[in-house]
**Student:** 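Mind looking over this structure? Questions follow.
Chain naming here is simple, since letters A, B, ... match the order of the sequence lines and numbering starts at 1 in each. Keep in mind that the numbers below use all heavy atoms, side chains included, and drop hydrogens, waters and symmetry copies. On a predicted model such as this, the values are computed, not experimentally measured, just so you know.
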2 protein chains.
Amino acid sequence: MAKIKNNINNTKKDIVLKNAAILFRKKGFKATSLRELADTMGIEAPSLYNHINSKAELLHNICFGVANDFMTNLQAVIATKESAVEKIAMLIRFHILKIYSDFDNVFVANHEWKQLSKKDLSAFITQRKDYENCVIEIIHTGQKNKQMKLLNAKIMVLTILSAVRGLEILQSHKNNFSLEELQDNMVEQLLNGIVK
Amino acid sequence: MAKIKNNINNTKKDIVLKNAAILFRKKGFKATSLRELADTMGIEAPSLYNHINSKAELLHNICFGVANDFMTNLQAVIATKESAVEKIAMLIRFHILKIYSDFDNVFVANHEWKQLSKKDLSAFITQRKDYENCVIEIIHTGQKNKQMKLLNAKIMVLTILSAVRGLEILQSHKNNFSLEELQDNMVEQLLNGIVK
DNA sequence: CCTACCGATCGGTAGG
DNA sequence: CCTACCGATCGGTAGG
């Protein structure tokens with residue numbers, strides 16, 4: 001009988017990936033052993049190799065999975081007819097949505113990518129750079145259209161991405177405010193500031 | 001002859017700490033071995049123990065050193081007679097100054113603190129929480145004085161601290177803009193936004 | 001999916 | 001500051 005794959009976590013490999021993301025997020029990639037990971041599934045460490053090829057592969061799948069999600073969304077946002085300001089708002093909202101709904105994977109991609117293998121690492125950095133350059137382009141458009149201030153566009157993007165990527169404290173605050181409240185407040189602050 | 005200690009990097013322990021910060025920043029705490037660290041000084045690993053007591057002690061000193069710097073500055077800022085808005089601007093400027101002038105230590109404190117020993121970890125988290133609560137208090141004052149918008153104060157602080165703490169990409173951009181430009185742009189964006 | 005086990009590497013100690 | 005070495009743990013393999 002052939003196994004039916006779908007996008008929900010149900011293959012064994014998906015479960016391994018999900019549990020790996022949780023452990024990598026809590027303890028870090030290097031500090032997580034495959035024995036611990038196997039423990040979360042009630043199996044022995046060598047049995048993991050029926051589902052994966054290496055520990056590095058787990059981090060690879062998590063980091064590039066997240067990176068692809070963001071890149072896909074970015075391209076969809078760029079393709080819309082919205083204004084530059086609205087596009088930036090959409091990006092901020094998506095970052096917060098993702099970290100809210102897919103916390104472990106996003107956190108690991110944001111904090112553990114340095115542990116990727118040498119080859120993966122350079123590909124990941126390139127993808128990040130591409131992402132940032134696309135956002136800078138949006139800002140440039142907004143500045144040409146006189147929608148946005150003539151601040152340094154690189155710094156503007158660094159600030160926005162740094163703010164949305166670094167929301168590590170979120171988990172403990174998750175009960176304090178809803179997704180919408182977080183999105184609305186952060187979009188308002190990053191676009192229009194906090195001073196009256 | 002007694003050794004004369006001063007605040008500049010010149011005792012052997014200071015050199016160990018400085019080199020440790022560089023390695024921890026580049027590779028992560030767990031991924032850095034004491035043998036590598038010893039290599040940077042041209043000595044063998046066991047010789048490190050003439051200057052330190054454990055690997056954990058290195059991370060402890062880095063993280064709490066940075067945390068104390070920020071806490072000291074925060075108290076100085078709070079003690080001034082400046083407005084709430086100006087106080088927040090001062091905090092943002094200090095964060096950027098520190099990450100600019102003391103990059104390795106600040107980066108490690110921001111990204112590797114989860115690897116602290118259990119006891120250190122809870123103390124560090126408490127100190128962070130205290131810091132955030134103090135900043136929230138400043139925001140509340142600004143809101144009461146009608147200087148600041150009535151956005152969620154916790155989210156405002158999370159956003160500001162996330163933005164200044166996550167400036168990891170800074171090192172590669174260090175030649176692209178000066179400290180003052182980075183400070184001015186980020187203060188303007190975080191306080192007044194990027195939309196005209 | 002298991003048991004048995006490997007070579008490598010780790011933080012750290014003993015003793016000088 | 002060194003050499004010699006330790007027990008523990010790691011990612012991963014062999015073989016069933």
**Student:** Just the table, please: protein N/O against nucleotides 8-12 of chain C N/O, every pair under 3.5 Å.
**Tutor:**
| from | atom 1 | to | atom 2 | distance (Å) |
| --- | --- | --- | --- | --- |
| dG11(C) | OP1 | Thr32(B) | O | 3.2 |
| dG11(C) | OP1 | Lys55(B) | NZ | 2.8 |
| dG11(C) | OP2 | Leu34(B) | N | 2.9 |
| dG11(C) | N7 | Arg35(B) | NH1 | 2.8 |
| dG11(C) | O6 | Arg35(B) | NH2 | 3.0 |
| dG12(C) | OP2 | Tyr49(B) | OH | 2.6 |
| dG12(C) | OP2 | Lys55(B) | N | 2.8 |
| dG12(C) | O5' | Tyr49(B) | OH | 3.1 |

**Student:** For the pair Tyr131(A) and His95(A), name the ring-plane relationship: parallel under 30°, tilted 30 to 60°, perpendicular over 60°.
**Tutor:**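 Taking His95(A) first and then Tyr131(A), their aromatic rings stand perpendicular (interplane angle over 60°).
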**Student:** Parallel, tilted or perpendicular: which one describes the rings of Phe124(B) and Trp113(B), with boundaries at 30° and 60°?
**Tutor:** parallel
**Student:** Rounded to the nearest angstrom, tell me the gap between atom CD in Glu44(B) and atom P in dT13(C).
**Tutor:** 17 Å
**Student:** According to salt bridge (Lys or Arg N to Asp or Glu O under 4.0 Å), who are the partners of Lys27(B), at least two apart in sequence or on a separate chain?
**Tutor:** Glu36(B)
**Student:** Angle class for the Phe107(A)/Phe103(A) ring planes (parallel below 30°, perpendicular above 60°, tilted otherwise)?
**Tutor:**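 Tilted, since the angle between the ring planes falls between 30° and 60°.
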**Student:** Closer than 4.0 angstrom, basic N to acidic O: yes or no for Glu132(A) and Arg165(A)?
**Tutor:** yes
**Student:** If we check side chain to side chain contact (heavy atoms under 4.5 Å, CB included) with Phe24(A), which of these qualifies: Asp104(A), Asn105(A), Val108(A)?
**Tutor:**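 By the side chain to side chain contact (heavy atoms under 4.5 Å, CB included) criterion, Phe24(A) pairs with just one of Asp104(A), Asn105(A), Val108(A): Val108(A).
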**Student:** Please report the distance, rounded to the nearest Å, between NE2 in His51(A) and C1' in dC1(C).
**Tutor:** 8 Å
**Student:** Is it true that atom NZ of Lys196(B) has more than 12 heavy atoms of other residues, nucleotides or ligands lying nearer than 6.0 Å?
**Tutor:** yes
**Student:** Under a 3.5 Å cutoff on both atom distances, Watson-Crick or G-U, what's the dot-bracket for DNA chain D ([ ] crossing, | other strand)?
**Tutor:** ||||||||||||||||
**Student:** When you measure from the side chain of Asn50(B) to the backbone of Ser47(B), do you find a donor-acceptor pair of N or O atoms at a distance under 3.5 Å?
**Tutor:**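 Checked: pair present.
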